[in-house]
Enquirer: 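I am attaching a structure below and will ask some questions about it afterwards.
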Amino acid sequence: MRIAKYAVLLLALCCAVPSFAQVPFERLKNSDKEPQNWLTYGGNYGSQRFSGLKEITPKNVASLRVAWAYQLRGGGIMESSPIIVDGILYVTEPPSNVTAIDARTGKPLWHYVPQVPRDFVPVGLFPTNRGVAVLDDKVYLATIDDHLIALDAKSGVVRWNSLIADRMEGYAITQAPLAINGKIVVGVGGGEAGAHGFLSCFDAKDGKLLWKTYTVPLKDSDPGADTWANGSWSNGGGTTWNTGSYDPELNLIYWGTGNPAPDWNGEGRMGDNLFTCSLIALDADTGKMKWYFQFSPHETHDWDSSEPPILFDATVGGKPRKLVALANRNAFYYVLDRATGEFLTGVPFAKQTWAKGLDAKGRPIKEDAAKIEPSVEGTRVYPSLTGAINWTSPCYSPLTGLFYVNAREGYADYIKGEPKMAPGNSVGIVGGGGGGGRMSAGDDTTTNIRALEATTGKLKWEHKMVGDSWTGTLVTAGGLVFSADAAGNFFALNADTGESLWHLLLGSSVRSNPVSYAVDGKQYVVDSAGNTLFVFSLP
Amino acid sequence: MPGVNSLNDKRVWQVIAYVRTLSEMGATEAAKGDAVKGKAVYDANGCALCHAIGTQGGGVGPQLTSIGRSRAPKYLHDFLLDPGKNPPSDMSLPERGANTGYLLVHVVTKDGKDMTGIRVNEDTYTIVLRDVSGKFYSFDKAKLKTIESQPGKTVMPSYTSLSASDLDDLVAYLASLKGAQ
């Protein structure tokens, strides 16, 4: 009898502690059915950053308070978007560390620190990490020095370690990988170092490379090579530095590509420079490109198109369509048919002075070159060098049909210089892009949360903020949008109206994407400020 | 040059922009006045009421202990004549950026009180002002009826009343201040 009592007690305790469960592909594919978890970087394969949780609502959000906090072990600024699986939270720390945490109490469970060469200084990017992927019994990490590492989800023990790229060629990685059916897809950064962009796919079991698709030609006979004058594709660019999306039914991967190289001096690379500043759709099994859409042909302002593509279904023109929406760094909001790449809609979502508009196929009608091209003395153009949006994620609610984006208003005086590219040996060429820009600062730069009608881009409401915020957005079934301003005020808005409902100053800038999860039926909201991860709940 | 991993892209470009402005300020020019006489001009005009040099002086305006390291004589000369035209950055709050330090802001509360002060800090929800005595005033924006920025205005007086030689001497004195930060 006594033994039976202990057995019951032990069973009860087991239910209260976090459990390391398997995460097969089917769970990832149907992640919307388990809103208590946050299983992929973007919350689901469509990168919607929509949480189905609804305990926290406009009526009670004013009672939100800090449940627990976790401070970085190694310092730096946290930009990670956590993954939460059945009570375990996986978060990354600069430059490429991973910590597993009990999501109910905040207690660390294990910590992994990869061996990154101390002398490695990536060109043109901040050495941080934005998250991991999970699949089956493993956690997948891409490191700043270009390794893809599979960790045992229960212990953090390394199961395999594969090289994605050679850091001596300018490559560096900050993104979270994307886990699909038996495969791990990951891109690369390094566009300012002249790295040749590509997307690669590894076998999740053993780390074997399955396919690798370049975004910029490698030889004159490659597709798109005729859009680079005089073989200038050799300078590279088109990196794939932010996590993409996936449609399991179409079996297509969607990934944004970055600037052509050199960035700000396009004289030596006349032409459209395919497939830079584009959204590419690749067959997940082969890596073969099914379609592409280039947002900014012959780009010269460093407006990468690496922003997260958000997948959603809606009726357009009386027809149900599979859509992909992308708020671009160039200040236009685009809606495409994600099966074909057909352009459907494109409108500015922030101030821009570089294009008169878009033509019927979505190609920009640029202003005169003298007004917009970088010059020795500086040419003032909106948006700024960091763009109307950068790496942070917008979100989409299937309940409101709105697309929520943190939109930056600002300009830069774009400067043209002499590019110093050295194909295949570009390490050490700081800003190797032949110029740069003096950005607006202080009160001349603002960011504002804007709710756009997802199918048209029409502005429904706006939440004005002070300063230059680098925070993504989260929308919940409870009817709330979460984000933060530049000073570090983490806040909640009414998702329907934009009404400001709650805020709390976290004491440092917030440079991450908020997420939400639940443990034992209690909803939590997560974001980080400075070097601290904050987790909020109702009392 | 050492790596700048502690700076994000934006900060790097702001540093570059600042370095470029140094040449525009005439950073290589020497002051033509007499620094010793300039100290007397400084003392006679009550500059120390608002500015500190070393351990002496007030705290409403920027500290001048090492102003000669960061500002060229031409900038100092022009600034003394028209202090509202090119206000200094508030380096204690770098996120405020260039040309927004010491901004005067006039606020009116919903219950009808009003004040004008130097903006010390502002975010989406709050604003903190300081008056010339150094007293701080903290407001919730939700309780304010109006918030009016006054770019170009400043509590610092214009010294157009100084003779040309006194002005040159004062500039020479300020340019000579290169003490510890």
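Lettering of chains follows the sequences in order, A, B, ..., and the numbering in each one begins at 1. The structure presented is a predicted model; accordingly, all values stated were derived computationally and were not measured.
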Enquirer: Suppose a student defines contact as a heavy atom less than 4.5 Å from any heavy atom of chain A. Which residues in residues 124-158 of chain B would they list?
Expert: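 Interface residues of residues 124-158 of chain B: B:Thr124, B:Tyr125, B:Lys141.
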Enquirer: Going from CG on B:Asp123 to CG on A:Asp485, what distance comes out if it is rounded to the nearest 0.5 angstrom?
Expert: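 So the CG of B:Asp123 and the CG of A:Asp485 are separated by 5.0 Å.
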Enquirer: Does atom CD of A:Glu377 have more than 12 heavy-atom neighbours from other groups under 6.0 Å away?
Expert: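 Yes, CD of A:Glu377 has more than 12 neighbouring heavy atoms, counting only those of other groups under 6.0 Å.
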Enquirer: With a 4.5 angstrom heavy-atom cut-off, which part of A:Ser384 approaches chain B: side chain, backbone, both or neither?
Expert: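 No part of it gets close to chain B.
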